[in-house]
**Student:** 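Please see the structure below; I have some questions.
Proteins get letters first, then strands, A, B, ... in listed order; numbering begins at 1 in each.
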Amino acid sequence: MEKILDVKDLEINFHTFAGDVKAIRDVSFHLNKGETLAIVGESGSGKSVTVRSIMGLLANNSNVPNGQIMFKDQDLLKISARQMEKIRGNDISMIFQDPMTSLDPTMPIGKQVAEPLLIHNHMSRAKAMERAEEVLELVGIPNAKNRIKDYPHQFSGGQRQRIVIAIAIVNYPEILIADEPTTALDVTIQSQIIELMKELQDKIETSIIFITHDLGVVAGIADRVAVMYAGKIIEYGTVDEIFYDPRHPYTWGLLNSMPTLESQKLYAIPGTPPNLLNPPKGDAFAPRNEYAMAIDYEAMPPFFKVTDTHYAATWLLHPDAPKVQPPAEILRRHELYHKYLAEQAKGGVPADAE
Amino acid sequence: MTKYILKRIAWIFITLWIVATITFFLMKLLPGTPYTNQAKLSADQIRIMNDQYGLNKPLITQYWVYIVGLLHGDLGTSFQFNNQPVTYLISNRIGPSMQIGAQAMIIGTFLGILLGAIAAVKQRTWVDSVATFFAIVGRSIPNFVFAVILQFFLAFKLKIFPIALWDGFSSSILPSIALAMAPLADTARFMRTEMVDVLSSDYIELARSKGLSSWQTVAKHALRNSLIPVVTIIGPMAVALMTGSMVIENIFSIPGIGEQFVKSILTNDYPTIMGLTILYSAALLVIYLVVDILYGIIDPRIRLSTTGGKE
Ligand SMILES: Nc1ncnc2c1ncn2[C@@H]1O[C@H](COP(=O)(O)OP(=O)(O)O)[C@@H](O)[C@H]1O
Ligand SMILES: [Mg+2]
């Protein structure tokens, strides 16, 4: 499979009065052409910072001491601001979290959608407006022709997010980054937006990085999942591997805190993430981890291979580690998954997992 | 929109009537008469003059006469200044004041917006510090000090501009600049604050993510959005300009309204004071109306709600 984006050994610090916040600590991942990679993790785990570094939109107080972001044989961390502007909104674009605040309130939406066309292509204003109209139609703004002169406040939240998506895809980017695009929307609208993104991915053949703190959203859209905690990726694998055969206790906790049909009461992982001004030297999740061992406080776990596509950074996978019993919910998922795999092998109807 | 503007204009007239009424009765309550400074007048002479000006008719009659006069555009006759009609006094002097006021307003707001925008874009750099320094200086030094400094160096020493002589455009430059300092400083400070806010907003990040350079982002998205709140201070600024211009007109010997106002107050010239008060109020009300219309032009959210248009 062709890698379209390859992030290697990325480290990002933010300089603050209190000291340096070590927001991203040695993160590596890649994005395959045409796939959707979900990055999940609690708020503050570094998801937004990671994708902003890909966009070249890090805050002024940031510092990237180490790492590479390879896109088409060039390192996005090394190219000039001018070159990065050519890539932004053209080859790589981004959808933001809050549709209520991410559109310019004083500019008609048609013009906002046409803007990336005018910047990146030598296109006449009239032609750009025509394209903007087509794309607005494509993302499901009804009667787009008569609405391109309307302003953002004349649209609902869901429609505004469609407009934001239209802006992002108007140049048919190769990579589409969506930073919690559904978090600010209510549940029915959420699923519509997810559906829209899936449709668009087929139509414009783009690769998607989908960020969320809600694993429930991931199942419907992702091919692969990376789980982030305290500025590190701690587990990654295919969506099935992460949902039905998770290995890191943090992933267990995340899955456990998903509302399911059976469990009415919501589980929450106890405690809070560490302060990234002084990250712990061992596994940052250890203090919140009921399965933590002495070594978790001493040394950072490396990635252990589960399958060719599935890796997890937890000492529990070390050959010498004691065997532990995951939470009941995880075991249930595991069972479902194996039944599902077995039935698939027999060619039967897949069990309704989840 | 037209309906809204017509309604506002009706309100302007109602407000002016209230202002006229209040000033009228306040003037009557104030101690001192137009003759206070003229000790030489005998009691008889004062009685004759009172008759002539209608000052010993019942108060309500005087009020009625005044309001009817107002409706006909007659502001009465000045007690001083050779018995000239107040309207004549004002119309003779309004030109220079308007010219200086308008020039100061234009210089102040444009340069202020520019300075504030640059400071915001270059926030926390030396450029920002220099701009902030100028804003503080502009704000804290009274405009008459500027006036005197400008006059001393540019007119007296370098002789680039005429001194204390009202003679066409070149003599309006220094007073306009002196008068523009405070609005410039205020606009710059306000603009910087707004723009810093706007620059950290989500739609600016989205604009950047489209591939706009930082200057394009400012020109196409940040400027207009920062201007919305800045428009609010134009009204109060106009007030400050009007009062500020009294001193400036004096320093530069400009035959303007401000100078007239000061003289009228010193001589208890009630008709002129009332006339000028009504004029100032009218000017302010019109400025506030213009500001509101400007608002609508800059901010589409307001434009639509005032027309009762679709939401
Ligand atoms: N400009 C900044 N200055 C200081 N700290 C920052 C800055 N931006 C992000 N951070 C810190 O980086 C960490 C990761 O933030 P973020 O990527 O926004 O988390 P999330 O996973 O919720 O998107 C947080 O601890 C946040 O406080
Ligand atoms: Mg975030």
**Student:** Excluding sequence neighbours, so at least two apart, what forms salt bridge (charged side-chain N to carboxylate O under 4.0 Å, His left out) with A:Glu134?
**Tutor:**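 Here the qualifying residues are A:Arg131.
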
**Student:** Show, in sequence, the C-alpha distance, side-chain angles and deciding distance for A:Leu57 and B:Ser209, and conclude whether the side chain to side chain contact (heavy atoms under 4.5 Å, CB included) test is met.
**Tutor:** CA-CA 8 Å; A:Leu57 289 175; B:Ser209 81; 3.9 Å; yes

**Student:** Heavy-atom distance under 4.5 Å to chain B: side chain of A:Gln112, backbone, both or neither?
**Tutor:**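 Both parts, heavy atoms under 4.5 Å.
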
**Student:** Assess whether side chain to side chain contact (heavy atoms under 4.5 Å, CB included) is satisfied between B:Arg301 and A:Tyr151, documenting all intermediate values.
**Tutor:** CA-CA 8 Å; B:Arg301 288 162 295 190; A:Tyr151 289 89; over 6 Å; no

**Student:** What's the shortest heavy-atom distance between A:Pro105 and B:Asn225, and which atoms?
**Tutor:**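 Residues A:Pro105 and B:Asn225, closest heavy atoms: CG-OD1, 3.3 Å.
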
**Student:** Roughly how far, to the nearest 0.5 Å, is CE of A:Met55 from CD of B:Glu205?
**Tutor:**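 That separation rounds to 8.5 Å.
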
**Student:** Heavy-atom pairs under 4.5 Å with chain A: which of B:Ser213, B:Ser201, B:Ser200 has the most?
**Tutor:**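 Sorted descending by pairs with chain A, the first entry is B:Ser213.
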
**Student:** Tell me yes or no: between the side chains of B:His221 and A:Glu115, is some donor less than 3.5 Å from an acceptor?
**Tutor:** yes

**Student:** With rounding to the nearest 0.5 angstrom, report the CG to CG distance, A:Asp98 to B:Asp202.
**Tutor:** 6.0 Å

**Student:** Looking at B:Lys122, I'd like to know if its NZ atom is crowded, meaning that more than 12 non-hydrogen atoms belonging to other residues, nucleotides or ligands lie closer than 6.0 Å.
**Tutor:**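 For B:Lys122, atom NZ is not crowded (no more than 12 foreign heavy atoms under 6.0 Å).
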
**Student:** Which answer fits A:Ile167, side chain, backbone, both or neither, if we ask what part of it has an atom under 4.5 Å from a heavy atom of chain B?
**Tutor:**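 Side chain only.
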
**Student:** Applying side chain to side chain contact (heavy atoms under 4.5 Å, CB included) to B:Leu206 and A:Asp104, what does each step give before you reach the verdict?
**Tutor:** CA-CA 9 Å; B:Leu206 186 136; A:Asp104 183 341; over 6 Å; no

**Student:** How about CD on A:Glu205, more than 12 heavy atoms from neighbouring residues, nucleotides or ligands closer than 6.0 Å, or not?
**Tutor:**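 No, because the 6.0 Å sphere around CD of A:Glu205 holds 12 heavy atoms or fewer from other groups.
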
**Student:** Indicate the atoms forming the closest heavy-atom contact of B:Lys210 with A:Pro116, along with that distance.
**Tutor:** CG-CG, 3.9 Å

**Student:** State whether the number of non-hydrogen atoms from other residues, nucleotides or ligands found under 6.0 Å of B:Trp126 atom CH2 is greater than 12.
**Tutor:**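 Open.
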
**Student:** Quick one, B:Leu212 with A:Glu85, criterion side chain to side chain contact (heavy atoms under 4.5 Å, CB included). Give me CA distance, side-chain angles, the key distance, then yes/no.
**Tutor:** CA-CA 7 Å; B:Leu212 288 167; A:Glu85 276 159 19; over 6 Å; no

**Student:** Is it the case that over 12 heavy atoms from other parts of the model lie below 6.0 angstrom from the OH atom of B:Tyr280?
**Tutor:** yes

**Student:** Please look at A:Arg52 and chain B and tell me whether the side chain, the backbone, both or neither of the residue comes under 4.5 angstrom of a heavy atom of that chain.
**Tutor:** side chain

